[in-house]
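Here is the naming used below: chain letters follow the sequence lines, and residue numbers restart at 1 for every chain. The model shown is predicted, which means the values in this text are computed figures rather than measured ones.
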Amino acid sequence: MKKAFYLTTAIDYANGSPHLGHAYEKILADVIIRTKKLNGMPTHFVTGLDEHGQKVQQGADKEGILPKERCDRIAQEFKNLLVTLNISNDDYIRTTEPRHKNVVSSLLQDLFNRGEIYQAEYKGFYSTRAEQFLQEKDKVNGKWPEIYGDVTEITESNYFFKLSKYQDWLIKFLEESDDFIVPSFRKNQVIEFLREPLNDLCISRPKERLAWGIPLPFDKNYVTYVWFDALVNYVTAAGYGNEEFKDLWPADLHVIGKDILAPPHAVYWPIMLKASNLPLPKQILAHGWWMSSGEKMSKSTGEVVDPLSLVEQRGVDAFRYFVMREMTVGQDADFSLERFESRYKTDLGNDLGNLVSRLFHMTATYEKGVVPKVELNEEFEQKIKTNFEAAKEKALEHFNAFQFNQGLEQIFIFIRSINKYADERTPWKLAKSDLSEDRQKLKTCLGVMVESLRLAIQMIAPVMPGVHEKVNQLFGLPACENWKTALEWDFRLEGKTLGEKIILFPRD
RNA sequence: GCCAGAGUAGCUCAGCUGGUUAGAGCGCCGCACUCAUAACGCGGAGGUCGGCGGUUCAAGUCCGCCCUUUGGUACCA
């Protein structure tokens with residue numbers, strides 16, 4: 001069996017409700033996986049939840065409930081979001097699941113047995129109030145701020161993973177790879193980061209300080225901390241230890257935010273895998289952040305409009321279209337309600353929605369809803385077919401390079417050209433004529449428009465799966481499964497009776 | 001401080017390895033049309049491509065310096 005294209009998102013941290021950032025990453029990953037499917041690849045798409053750690057425990061303590069109860073509730077919120085956003089994930093992994101704990105234990109034990117993990121003293125400044133070690137950078141004016149309360153220097157025994165011995169190997173690997181990290185400029189940031197000598201990674205916390213975690217298999221007085229828990233989800237979900245593992249691993253693509261590229265995904269993770277004798281993922285895609293007039297968006301800034309509320313107001317497809325159209329993958333973008341409304345009204349309503357509306361209306365009134373046979377192939381027809389071929393080539397190329405904003409632009413250029421074609425042929429005038437020549441032109445025009453719209457709708461499927469299915473239903477087509485066969489200019493709908501006209505993107 | 005991204009029409013952005021009068025969408029102003037969600041189509045105004053200097057026959061496009069802005073600098077998507 002052919003290896004599936006295995007794609008993951010970062011797993012969300014179970015400490016707070018989902019916001020635009022979470023939604024965007026899922027949509028981006030979903031659009032990518034849908035394009036892979038349409039290109040004929042078998043796929044496997046996993047997302048999930050990171051549930052251990054201090055913040056989760058503290059959050060639960062504050063509410064007076066068990067960490068697991070809190071995680072269950074938050075997991076449900078995140079899962080609901082996936083449904084709302086029409087995300088087509090095949091699996092949802094939670095780090096509290098037995099399958100995950102087993103894999104973490106087994107990897108840790110193996111590394112410990114082979115001397116990749118060792119015990120040592122960790123000396124640092126500890127804040128009892130914040131329940132954490134502080135760094136020099138936490139100081140303000142050379143002093144620890146009030147919020148940390150009493151800060152004392154303590155020594156604690158912990159376990160460490162030998163990162164530093166792999167530093168040279170990693171630098172060499174990164175320098176030789178050309179598309180391991182996308183966008184490429186981020187690779188330089190990672191290599192820059194690696195210019196400083198790496199410290200070994202502290203991977204444990206004593207149980208008395210943190211109980212909510214996966215115990216170290218070789219020392220039950222400790223739990224493992226953060227990265228050996230969170231990152232390992234990618235191999236857990238690939239079925240590490242089972243038969244299916246070889247069909248999925250290595251991952252083809254990790255979709256993550258730019259904030260967790262270096263060091264976690266570009267430094268810790270490759271080294272963890274290398275030390276475990278596992279192959280590295282093929283590619284890491286680091287996306288940017290949504291900003292609000294230059295400010296990073298988060299729940300703490302108290303937005304006037306919650307972006308996610310637009311999903312309910314304008315529909316999930318409009319929302320997916322907006323974030324894909326507006327964001328240059330890898331860079332930051334601004335989220336503004338005005339931009340959203342403008343995209344909704346003009347691109348979706350006026351260009352696409354209105355085209356659907358006018359075309360189905362005309363076909364119904366002029367041809368009783370039956371797609372007529374195309375009898376002419378004059379300049380206008382040749383031109384729009386050329387437009388389609390160009391849009392197809394460019395759009396698919398952009399999609400493959402994760403440049404969805406540009407791919408969508410190409411598709412909408414084509415959609416606008418369908419409207420233009422209607423203006424050139426003026427079917428509403430032809431319909432008033434009895435001349436056989438005009439009848440022929442009318443049939444041709446409608447047939448060509450139907451074919452053009454059909455093709456545009458197939459290309460838009462990964463971004464707007466809902467609209468795609470709806471319109472395909474009116475065409476009497478099932479959801480598109482493979483672009484190769486679907487994106488052929490062949491008038492396959494000739495003679496079919498179309499469904500009734502619908503308003504795809506209503507104005508209020 | 002160091003590293004990186006961004007700085008192109010009012011707004012959001014395209015402009016690959018340097019090469020004709022710098023492009024698109026939105027917004028604005030006109031024209032036209034009436035099948036359609038008062039939608040579509042056409043035309044127009046609007047830019048010394050952040051600044052200075054350099055390389056070149058030729059530079060938003062390469063080099064240097066500077067300015068503005070965002071992010072990273074060991075655990076918030």
Side-chain angles (χ1 to χ4, degrees), chain A residues 9-13 15-16 18-26 28 50 53-55 132 135 137 163 183 185-193 195-196 198-199 201-202 225-227 230 255-264 267-268 287-291 294-300 325-326 328 330-334 336 338-339 341-343 345-366 403 405-406 409-410 412-413 416-432 445-446 449 501-508:
Chain A
T9 69
I11 51 176
D12 301 310
Y13 196 46
N15 181 44
H19 57 262
L20 177 60
H22 300 110
Y24 170 66
E25 186 169 302
K26 307 301 177 297
L28 172 60
D50 177 15
Q54 192 168 313
K55 283 178 185 166
Q132 63 177 10
Q135 307 293 324
K137 68 170 172 109
L163 270 192
F185 70 81
R186 298 233 175 256
K187 179 172 101 172
N188 301 332
Q189 287 185 347
V190 177
I191 290 174
E192 185 61 29
F193 176 84
R195 270 195 348 206
E196 298 290 313
L198 283 173
N199 294 328
L201 181 66
C202 179
Y225 196 59
V226 187
W227 301 117
V255 174
I256 61 169
K258 64 179 185 177
D259 54 314
I260 49 171
L261 177 66
V267 178
Y268 302 158
H287 65 248
W289 281 341
W290 284 99
M291 316 290 281
E295 302 269 308
K296 182 184 158 189
M297 293 189 82
S298 74
K299 52 190 184 322
S300 56
R325 179 66 185 81
E326 212 66 9
T328 298
Q331 304 201 335
D332 294 344
D334 231 51
S336 95
E338 295 78 58
R339 303 278 312 156
E341 287 302 316
S342 168
R343 289 288 180 203
K345 202 175 85 181
T346 60
D347 294 8
L348 298 180
N350 297 351
D351 292 343
L352 177 58
N354 184 51
L355 171 63
V356 169
S357 173
R358 71 196 301 203
L359 178 56
F360 279 80
H361 181 85
M362 286 193 286
T363 310
T365 49
Y366 304 153
Q403 292 163 338
N405 55 339
Q406 294 187 58
E409 188 179 7
Q410 290 303 321
F412 272 78
I413 287 173
R416 273 179 237 120
S417 81
I418 306 174
N419 278 320
K420 185 184 169 73
Y421 170 74
D423 243 58
E424 290 167 339
R425 277 293 183 204
T426 58
W428 47 91
K429 281 183 188 163
L430 298 171
K432 289 170 187 159
C445 174
L446 293 178
M449 285 182 74
K501 135 179 173 180
I502 51 169
I503 301 299
L504 282 177
F505 303 101
R507 312 189 131 213
D508 301 303

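Under 4.0 angstrom from either OP1 or OP2 of C13(B) there lies no side-chain N or O belonging to Gln406(A). Of the side-chain N and O atoms in Thr328(A), one or more sit less than 4.0 angstrom from OP1 or OP2 of A14(B). Within the structure, every side-chain polar atom (N or O) of Lys345(A) is placed at least 4.0 Å from both OP1 and OP2 of U37(B). Phosphate proximity of C35(B) to His361(A): absent, as no side-chain N or O sits under 4.0 Å from OP1 or OP2. Taking only side-chain nitrogens and oxygens, Lys429(A) never comes nearer than 4.0 Å to OP1 or OP2 of C33(B). Contact annotation: Arg507(A) side-chain N/O to A39(B) OP1/OP2 distance is under 4.0 Å.
Residue Lys420(A) has its side chain nearest to C42(B) when only U34(B), G27(B), C42(B) are considered. Picking from G41(B), U34(B), C76(B) the nucleotide with the shortest atom distance to the side chain of Arg416(A) gives G41(B). Closest to the Phe505(A) side chain, of the nucleotides A74(B), U37(B), C26(B), is U37(B). Of the candidate nucleotides G72(B), C35(B), G5(B), G72(B) has the atom nearest to the side chain of Trp289(A). Comparing U37(B), C35(B), G41(B) against the side chain of Asn419(A) picks out G41(B) as the nearest. Candidate nucleotides G71(B), C40(B), C33(B) were compared by shortest atom distance to the side chain of Lys258(A), and G71(B) ranks first. Residue Asp423(A) has its side chain nearest to C40(B) when only U37(B), C75(B), C40(B) are considered. Distance from the side chain of Arg195(A) is smallest for C2(B) among the nucleotides C2(B), G41(B), G5(B). Ranking U70(B), A74(B), G27(B) by closeness to the Asp332(A) side chain, first place goes to U70(B).
Syn is the conformation of G60(B), whose glycosidic angle sits no further than 90° from 0.
The residue Lys187(A) sits apart from the nucleic acid: no heavy atom pair falls under 4.0 Å. Across all strands, Leu201(A) comes closer than 4.0 Å to no nucleic acid atom at all (heavy-atom distances). As judged by a 4.0 angstrom heavy-atom cut-off over every strand, Tyr366(A) is placed among residues touching the sugar-phosphate backbone only. Among the protein residues, Tyr24(A) comes within range of no part of the nucleic acid, since none of its heavy atoms lies under 4.0 Å from any strand. Using a 4.0 Å heavy-atom cutoff across all strands shown, Glu424(A) reaches no nucleic acid atom at all. Residue contacts shown for Asn405(A) are absent, as no nucleic acid heavy atom lies under 4.0 Å away.
Using a 4.5 Å heavy-atom threshold, the side chains of Ile503(A) and Lys501(A) count as touching. Counting heavy atoms from C-beta outward, Asn350(A) and Arg507(A) have side chains that approach closer than 4.5 Å. Tyr24(A) has its side chain out of reach of Trp289(A): every pair of non-hydrogen atoms, C-beta onward, lies at least 4.5 Å apart.
Here CZ of Arg425(A) is found 7.5 Å from CG of Leu430(A). Values are rounded to the nearest 0.5 Å. To the nearest 0.5 angstrom, Asn419(A) atom CG is 11.0 Å from Glu424(A) atom CD. Between atom OG of residue Ser417(A) and atom CG of residue Asp351(A) there is a gap of 10.5 Å, rounded to the nearest 0.5 Å.
Across all their heavy atoms, Gly257(A) and Glu25(A) have their closest contact at N-OE1, 3.5 Å. Of all heavy-atom pairs spanning Trp290(A) and Glu326(A), the tightest one is CH2-CB, 3.9 Å. Minimum heavy-atom separation, Thr346(A) to Ser342(A): OG1-O, 2.7 Å.
Comparing Lys501(A) and Leu198(A) along RNA chain B, the residue whose closest nucleotide (by nearest heavy atom) sits nearer the 5' end is Lys501(A). Where Ile413(A) and Ile503(A) each meet RNA chain B at their nearest nucleotide, the meeting point lying more 5' is that of Ile413(A).
When the C1' atom of A36(B) is taken as reference, atom CG of Leu348(A) falls 17 Å away, rounded to whole Å. Atom OH in Tyr13(A) sits roughly 14 Å away from atom P in C75(B) (whole-Å rounding). Atom CZ in Arg339(A) sits about 11 Å away from atom P in C26(B), given to the nearest Å. Note: CD1 (Ile256(A)) to P (C75(B)) measures 16 Å, nearest angstrom. Note: CG (Asp334(A)) to C1' (U69(B)) measures 12 Å, nearest angstrom. Across the protein-nucleic acid pair, Ile191(A) atom CD1 and G5(B) atom P stand 13 Å apart, rounded to whole Å. Note: CZ (Arg186(A)) to P (G5(B)) measures 9 Å, nearest angstrom. Between the CD atom of Gln403(A) and the P atom of C13(B) there is a distance of 15 Å, given to the nearest Å.
Nucleotides G47(B) and A36(B) place their C1' atoms 36 Å apart, quoted to the nearest Å. Rounded to whole Å, the separation between the C1' atoms of U37(B) and G30(B) comes to 24 Å. Taking atom C1' in both U21(B) and A38(B), one finds a spacing of 37 Å when rounded to whole Å. A distance of about 25 Å separates the C1' atoms of U69(B) and A74(B), rounded to the whole Å. Here, G5(B) and C13(B) have their C1' atoms 15 Å apart, quoted to the whole Å. Between the P atoms of C16(B) and C76(B), the separation comes to 36 Å (whole Å). Taking the P atom of each, G23(B) and G46(B) are spaced 14 Å apart, rounded to whole Å. The gap from the C1' atom of A14(B) to that of A9(B) amounts to 13 Å, rounded to the nearest Å.
Checked for salt-bridge contact, Lys26(A) and Asp12(A) meet the test: a charged N lies under 4.0 Å from a carboxylate O.
For Asp50(A) (side chain) and Ile11(A) (main-chain N/O), no donor-acceptor pair under 3.5 Å exists by modelled atom type.
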If you write RNA chain B from 5' to 3' in dot-bracket form, with Watson-Crick or G-U pairs under 3.5 Å, [ ] for crossing pairs and | for pairs with another strand, what do you get? (((((((..((((.....[...)))).((((.........)))).....(((((..]....))))))))))))....
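For A36(B), its base sits under 3.5 Å from the side chain of Asn354(A) at one donor and acceptor pair at least.
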